[in-house]
Amino acid sequence: MTITLSELASRVGGELVGDGTTAITGLGSLGTAQPGEISHLSSPVYRQHLPTTQASAVILQADDVEHSPCAAIVVENPYLTFARVSQFFTRSEGLAAGVAPSAQIAASASVDDSAAIGPHVVIGERCQIGAGVRIHANTVVGDDCRIAENVTLHANVTLYSRVVIGARSTVHSGAVLGADGFGYTPDEKGRWQAIAQVGGVAIGSDVSIGACTCIDRGAIDDTVIEEGVQIDNQVQIGHNCRVGAHSLLCGMVGFAGSTTVGKHCVFGGRSGAGGDHPIDVCDGVMVSSCTVLSQSVKKPGIYSGSVLFHEHNKWRRNALRMASLDELFKRVKKLEKNR
């Protein structure tokens with residue numbers, strides 16, 4: 001794609017400084033960009049690269065314009081603007097509208113004429129596939145699924161029955177939506193009795209679901225992912241969970257069943273929530289990497305709870321001492337009482 005700098009500035013609402021006819025053909029970082037590419041200065045850490053950048057244009061704040069050796073788009077938030085500019089240069093996998101000869105579509109399914117159905121795709125009974133949907137090779141869509149307009153399902157995605165996906169959402173390869181939730185109870189002889197999982201999965205609009213992520217179906221009610229949620233790779237969301245709009249879940253996050261997460265929450269990598277009772281997290285909570293919430297959170301803010309690493313021998317000694325904290329606390333309380 002080629003676009004002039006003036007057109008880019010107009011589309012993102014930035015102030016153009018320099019030659020607006022400059023042709024932009026791609027993206028680059030400040031240190032490695034080549035002529036024809038546009039870069040951005042979003043952190044003082046990278047300011048050292050600005051005077052020598054080979055980029056044809058840079059997105060930056062007004063205070064940095066005088067140090068730029070090339071044309072610029074001046075904005076208040078360069079990183080956000082760069083994110084928007086990047087959308088003009090995305091390279092989508094080609095998949096022409098129509099149905100591949102090897103695809104299998106149930107007679108009761110409804111597929112819009114503008115949808116693109118790739119090789120070896122299977123679409124089950126009574127499914128509804130909307131306009132502009134792209135379903136790539138080897139993906140399976142179970143019975144009674146509804147996929148709204150302009151959704152993309154990449155290769156090897158599996159949707160079990162009764163999965164609903166809202167408009168413009170994306171599901172990446174290897175993701176599984178609607179598998180049974182992990183629900184069991186012991187019987188009189190100590191054997192595990194499975195609890196039937198009869199709910200579905202409801203995904204809102206503008207949601208991104210990363211590769212190899214699993215979202216379990218509800219036991220009775222649906223598991224719900226609200227609009228605008230962004231989910232990284234290898235995330236596990238248990239049955240009956242609800243994730244509020246515009247929340248962000250980084251890689252390997254895990255939620256036990258019936259966890260409720262509010263709007264605009266962020267969970268860092270390998271964090272999660274779960275305990276011996278359902279966890280409710282209010283809006284506006286940020287959970288640090290490797291932190292596991294074992295109780296509900298009712299106040300917005302940043303929560304951290306991971307143990308810092310040490311050299312192994314020191315970590316082992318500290319771990320042993322952690323086991324004695326309760327005894328030490330009681331001794332201290334007794335000493336204070338006897339003072």
Side-chain angles (χ1 to χ4, degrees), residues 99 103-112 115-118 120-183 195-245 247 249 253-255 257-261:
V99 179
Q104 298 182 35
I105 301 177
S108 60
S110 171
V111 179
D112 190 274
I117 311 299
H120 305 291
V121 167
V122 176
I123 298 176
E125 300 288 350
R126 298 171 299 279
C127 288
Q128 299 176 26
I129 310 299
V133 169
R134 295 187 300 166
I135 304 179
H136 291 267
N138 303 316
T139 287
V140 176
V141 180
D143 296 342
D144 299 299
C145 289
R146 301 199 313 273
I147 302 177
E149 63 271 15
N150 298 315
V151 166
T152 298
L153 305 181
H154 287 279
N156 300 303
V157 167
T158 300
L159 307 187
Y160 282 59
S161 62
R162 301 190 307 284
V163 174
V164 177
I165 302 180
R168 300 174 301 281
S169 292
T170 300
V171 184
H172 289 278
S173 295
V176 178
L177 311 185
D180 281 356
F182 198 66
I195 301 170
Q197 308 290 295
V198 299
V201 173
I203 307 294
S205 59
D206 301 303
V207 170
S208 178
I209 298 173
C212 296
T213 283
C214 295
I215 302 176
D216 293 344
R217 69 189 319 103
I220 298 176
D221 299 323
D222 291 348
T223 299
V224 177
I225 309 297
E226 295 182 1
E227 65 174 4
V229 172
Q230 308 299 310
I231 302 175
D232 200 358
N233 302 333
Q234 296 183 316
V235 170
Q236 164 65 33
I237 298 177
H239 57 185
N240 297 103
C241 287
R242 188 179 194 96
V243 180
S247 289
L249 312 181
V253 162
F255 292 155
S258 300
T259 297
T260 299
V261 174

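Worth knowing before you read on, the calculation uses all heavy atoms, side chains too, and leaves out hydrogens, waters and symmetry mates. The residues of the chain are indexed from 1 along the displayed sequence.
Residue Leu159 is tested with Ile165, Val201, Val140 for a side-chain contact (heavy atoms from CB on, under 4.5 Å); the sole match is Ile165.
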Full working for side-chain contact (heavy atoms from CB on, under 4.5 Å) between Val99 and Ile105: CA-CA 9 Å; Val99 179; Ile105 301 177; 3.7 Å; yes
Yes or no on side-chain contact (heavy atoms from CB on, under 4.5 Å) for Ile123 and Ile135, after CA distance, side-chain angles and deciding distance? CA-CA 10 Å; Ile123 298 176; Ile135 304 179; 4.2 Å; yes
Could you walk me through whether Asp222 and Arg242 satisfy the side-chain contact (heavy atoms from CB on, under 4.5 Å) test, starting with their C-alpha distance in whole Å, then the side-chain angles of each, then the deciding distance to 0.1 Å, before giving a yes or no? CA-CA 9 Å; Asp222 291 348; Arg242 188 179 194 96; over 6 Å; no
Where do Leu249 and Ile237 land on the side-chain contact (heavy atoms from CB on, under 4.5 Å) test, with the steps shown first? CA-CA 10 Å; Leu249 312 181; Ile237 298 177; 3.9 Å; yes
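In the model, Ser110 has no side-chain atom that pairs as donor or acceptor with a side-chain atom of Gln128 under 3.5 Å.
With sequence neighbours left out, the salt bridge (charged side-chain N to carboxylate O under 4.0 Å, His left out) criterion links Arg134 to no other residue. With sequence neighbours excluded, no residue forms a ring-ring contact (aromatic ring centres under 6.0 Å, His included) with Tyr160. Partners of Gln234 by side-chain contact (heavy atoms from CB on, under 4.5 Å), not counting sequence neighbours, listed by chain and number: Cys212, Met252.
Residues in residues 208-228 take part in no ring pair (Phe, Tyr, Trp, His ring centres under 6.0 Å) pair, two or more places apart or across chains. Sorted by first and then second residue, the pairs that involve residues 167-179 and meet side chain to side chain donor-acceptor pair (under 3.5 Å), not counting sequence neighbours, are Arg168-Asp206. Listed by first then second residue, pairs satisfying side chain to side chain donor-acceptor pair (under 3.5 Å) with a partner in residues 135-147 read Arg126-Asp144, not counting sequence neighbours.
More than 12 heavy atoms of other residues, nucleotides or ligands shown are found within 6.0 angstrom of CD on Glu125.
Within the 4.5 Å cutoff, no side-chain heavy atoms of Asp112 are placed close to those of Ile129. Looking only at side-chain heavy atoms (C-beta outward), Ile215 and Ile231 come within less than 4.5 Å of each other. For the pair Val121/Leu153, no side-chain contact is recorded, criterion being any heavy-atom separation below 4.5 Å from C-beta on.
In this structure, Val198 and Ile220 approach most closely via the heavy-atom pair CG2-CA, 4.1 Å.
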